[in-house]
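Working notes for the structure below.
Every chain is numbered from 1 and lettered A, B, ... according to where its sequence line falls, protein lines coming before strand lines. No experiment lies behind these values; they were computed from the predicted model shown.
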Amino acid sequence: DAGITQSPRHKVTETGTPVTLRCHQTENHRYMYWYRQDPGHGLRLIHYSYGVKDTDKGEVSDGYSVSRSKTEDFLLTLESATSSQTSVYFCAATSQIHSRPNTGELFFGEGSRLTVL
Amino acid sequence: AQKVTQAQTEISVVEKEDVTLDCVYETRDTTYYLFWYKQPPSGELVFLIRRNSFDEQNEISGRYSWNFQKSTSSFNFTITASQVVDSAVYFCALSEENTGNQFYFGTGTSLTVIP
């Protein structure tokens with residue numbers, strides 16, 4: 001158990017509605033990530049955080065914002081959901097980045113399936 | 001440009017056959033890390049292996065083996081004597097030491113093992 005939980009696990013919403021997905025971790029990981037998974041695209045990084053209040057954009061950040069006010073929570077917000085944001089969203093976390101001899105693997109949450117009608 | 005390429009979108013094998021999943025990566029860093037993850041039909045992502053760029057030793061874990069070749073920028077994954085439980089989507093990923101804290105994933109290979 002990697003101690004990463006996502007909520008909600010499933011959500012159906014309408015276009016134009018704001019949506020917030022929550023990622024909660026209990027392992028005090030410093031780094032947290034939001035990915036989306038779509039057929040043919042694999043996992044694509046939306047935003048990531050390298051500490052409390054420190055966040056940066058990934059390759060598909062348009063239409064998304066994030067916040068990290070405390071170590072254990074990383075929120076992903078869709079200000080105005082669109083049908084193109086229908087996807088499965090994964091949160092991930094790790095503690096060890098680029099520390100020889102190993103960089104830590106990512107631990108993933110269970111995923112949140114979002115459908116935007 | 002895609003940093004991690006998994007050219008095989010879908011593979012089907014009959015149970016007990018061996019199968020190799022290809023992963024080709026692109027980086028200018030001299031220090032980097034490669035990973036394989038498994039996503040079974042239940043949807044969770046399961047870590048399988050990590051390999052450092054300065055450790056080219058191949059690894060075997062039961063029926064699983066990994067072949068890391070820096071000369072061809074490849075990190076291939078072989079399943080020997082495949083089983084139905086190996087049916088899943090497999091992702092290869094790259095993390096580079098000098099380009100921040102990101103992990104780059106390939107598009108995945110969907111493996112179906114037919115009983």
Side-chain angles (χ1 to χ4, degrees), chain A residues 1-6 9-10 23 29-51 54-61 68 74 87-114, chain B residues 1-10 21 23-25 27 29-57 59 66 75 88-110:
Chain A
D1 183 5
I4 299 174
T5 55
Q6 296 182 224
R9 296 288 313 281
H10 301 271
C23 178
H29 292 301
R30 176 183 174 186
Y31 304 91
M32 297 185 74
Y33 304 79
W34 276 107
Y35 287 89
R36 60 178 290 174
Q37 182 178 14
D38 305 287
H41 293 278
L43 291 161
R44 293 182 292 174
L45 181 64
I46 305 171
H47 283 279
Y48 65 100
S49 169
Y50 45 94
D54 289 325
T55 64
D56 207 347
K57 297 179 179 180
E59 63 176 309
V60 291
S61 60
R68 192 167 179 202
F74 192 32
S87 186
V88 179
Y89 292 85
F90 284 95
C91 175
T94 189
S95 295
Q96 190 181 13
I97 292 283
H98 305 156
S99 304
R100 293 197 180 203
N102 283 320
T103 200
E105 69 268 26
L106 286 177
F107 298 99
F108 283 88
E110 320 96 313
S112 296
R113 182 175 296 276
L114 175 66
Chain B
Q2 191 77 9
K3 285 186 175 285
V4 178
T5 301
Q6 295 180 256
Q8 304 152 307
T9 305
E10 297 181 357
L21 310 183
C23 174
V24 174
Y25 61 92
T27 181
D29 278 18
T30 55
T31 301
Y32 51 90
Y33 307 85
L34 296 162
F35 305 81
W36 275 96
Y37 282 83
K38 175 182 179 180
Q39 187 179 40
S42 52
E44 73 273 23
L45 284 149
V46 179
F47 166 75
L48 294 178
I49 192 172
R50 167 186 50 238
R51 175 59 67 224
N52 314 320
S53 57
F54 42 89
D55 178 7
E56 289 194 69
Q57 191 173 16
E59 184 157 338
W66 290 268
F75 186 42
V89 180
Y90 292 86
F91 291 98
C92 181
L94 164 73
S95 180
E96 300 167 305
E97 186 168 67
N98 291 323
T99 55
N101 311 312
Q102 299 192 34
F103 291 74
Y104 303 95
F105 283 81
T107 52
T109 297
S110 177

Can you tell me which of A:Gly111, A:Gly109, A:Pro39, A:Gly42 forms the most heavy-atom pairs within a distance under 4.5 Å of chain B?
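The option with the most such pairs is A:Gly42.
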B:Gln6 versus chain A, heavy atoms under 4.5 Å apart: side chain, backbone, both or neither?
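Neither the backbone nor the side chain of B:Gln6 comes within 4.5 Å of chain A.
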Go through it in stages, so that I can follow the logic: the residues are B:Leu45 and A:Leu43, the test is side chain to side chain contact (heavy atoms under 4.5 Å, CB included), and I'd like the CA-CA distance, side-chain angles, deciding distance and then a yes or no.
CA-CA 11 Å; B:Leu45 284 149; A:Leu43 291 161; 4.1 Å; yes
Counterpart residues, side chain to side chain contact (heavy atoms under 4.5 Å, CB included), relative to A:Asp38 (two or more places apart)
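Partners of A:Asp38 by the side chain to side chain contact (heavy atoms under 4.5 Å, CB included) criterion, ordered by chain and then number, come out as A:Arg36, A:His41, A:Arg44, A:Ser87.
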Got a second to check how far B:Phe105's CZ is from A:Leu106's CG, nearest 0.5 Å?
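Spacing of CZ (B:Phe105) from CG (A:Leu106) equals 5.0 Å.
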Rounded to the nearest 0.5 Å, how far apart are CZ of A:Phe90 and CD of B:Gln39?
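Answer for the CZ-CD pair, A:Phe90 versus B:Gln39, is 5.0 Å.
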Among B:Tyr37, B:Phe103, B:Tyr33, which residue meets the side chain to side chain contact (heavy atoms under 4.5 Å, CB included) test with A:Glu105?
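Running side chain to side chain contact (heavy atoms under 4.5 Å, CB included) over B:Tyr37, B:Phe103, B:Tyr33 with A:Glu105 returns exactly one hit, B:Tyr37.
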Per-residue contact mode, A:Gln37 against chain B (heavy atom under 4.5 angstrom):
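When you check distances to chain B, only side chain atoms of A:Gln37 fall under 4.5 Å.
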Contacting moiety of A:Leu45, where chain B heavy atoms sit under 4.5 Å
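Only the side chain of A:Leu45 comes within 4.5 Å of chain B.
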Non-neighbouring partners of B:Tyr32 that pass ring-ring contact (aromatic ring centres under 6.0 Å, His included), sequence neighbours left out
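With sequence neighbours excluded, B:Tyr32 shows a ring-ring contact (aromatic ring centres under 6.0 Å, His included) to B:Tyr25, given in chain and number order.
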Identify the heavy atoms of B:Gln102 and A:Lys57 that sit nearest to each other, and give their distance.
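Heavy atoms of B:Gln102 and A:Lys57 come nearest at NE2-O, 4.2 Å.
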How about B:Gln57: does its CD atom have over 12 heavy atoms from other parts shown lying under 6.0 Å from it?
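No.
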